[in-house]
Amino acid sequence: MKAQSHFEKTGKKLESAQRKYNKLKRKGKLSPEDEEKWIKKIEKLERKLKKAEKNMKR
């Protein structure tokens, strides 16, 4: 149950971060440094999601 909850929560965070990043990028409000930070944040969340999925399958 805990693994399922963690997986769902991480999925929601990833989705939210991707939406916000795309919105800011579309509006042209990201400096190159900010864009790099967002990309790293999204990649980190993707890794966490894969790990949570792996733990859930156990």
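Note that the numbering runs from 1 along the sequence shown for the chain. Quick caveat, the model's predicted, so the values are computed rather than measured.
- Between K41 and K37, every side-chain heavy-atom pair lies at or beyond the 4.5 Å cut-off.
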Exercise. Report the C-alpha distance between E53 and K57 in whole Å, list the side-chain angles of each, state the deciding distance to 0.1 Å, and finish with yes or no for side-chain contact (heavy atoms from CB on, under 4.5 Å).
Key: CA-CA 6 Å; E53 182 179 16; K57 289 183 179 180; 4.0 Å; yes

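- Of all heavy-atom pairs between L45 and K13, the closest is CD1-O, 3.8 Å.
- A side-chain contact (heavy atoms from CB on, under 4.5 Å) with K23 holds for exactly one of K25, R19, R26; it is R26.
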Quiz item: Given the rule in the side-chain contact (heavy atoms from CB on, under 4.5 Å) test, do I39 and Y21 qualify, once you have shown the distances and angles that lead to the verdict?
Solution: CA-CA 8 Å; I39 290 170; Y21 166 73; 3.9 Å; yes

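- Proximity of Q18 to E46: side-chain heavy atoms (C-beta onward) are separated by under 4.5 Å at one or more points.
- Scanning both residues, M56 and A3, for their nearest heavy atoms gives CA-CB, 3.8 Å.
- In this structure, NE2 in H6 is found 8.5 Å from CG in L49, a value given to the nearest 0.5 Å.
- When all heavy atoms of A17 and W38 are compared, the pair lying nearest together is O-CZ3, 3.6 Å.
- Taking a cutoff of 4.0 Å between a charged side-chain nitrogen and a carboxylate oxygen, K12 and E8 do not qualify as a salt bridge.
- A distance of 8.0 Å separates CD of E33 from CD of E36, quoted to the nearest 0.5 Å.
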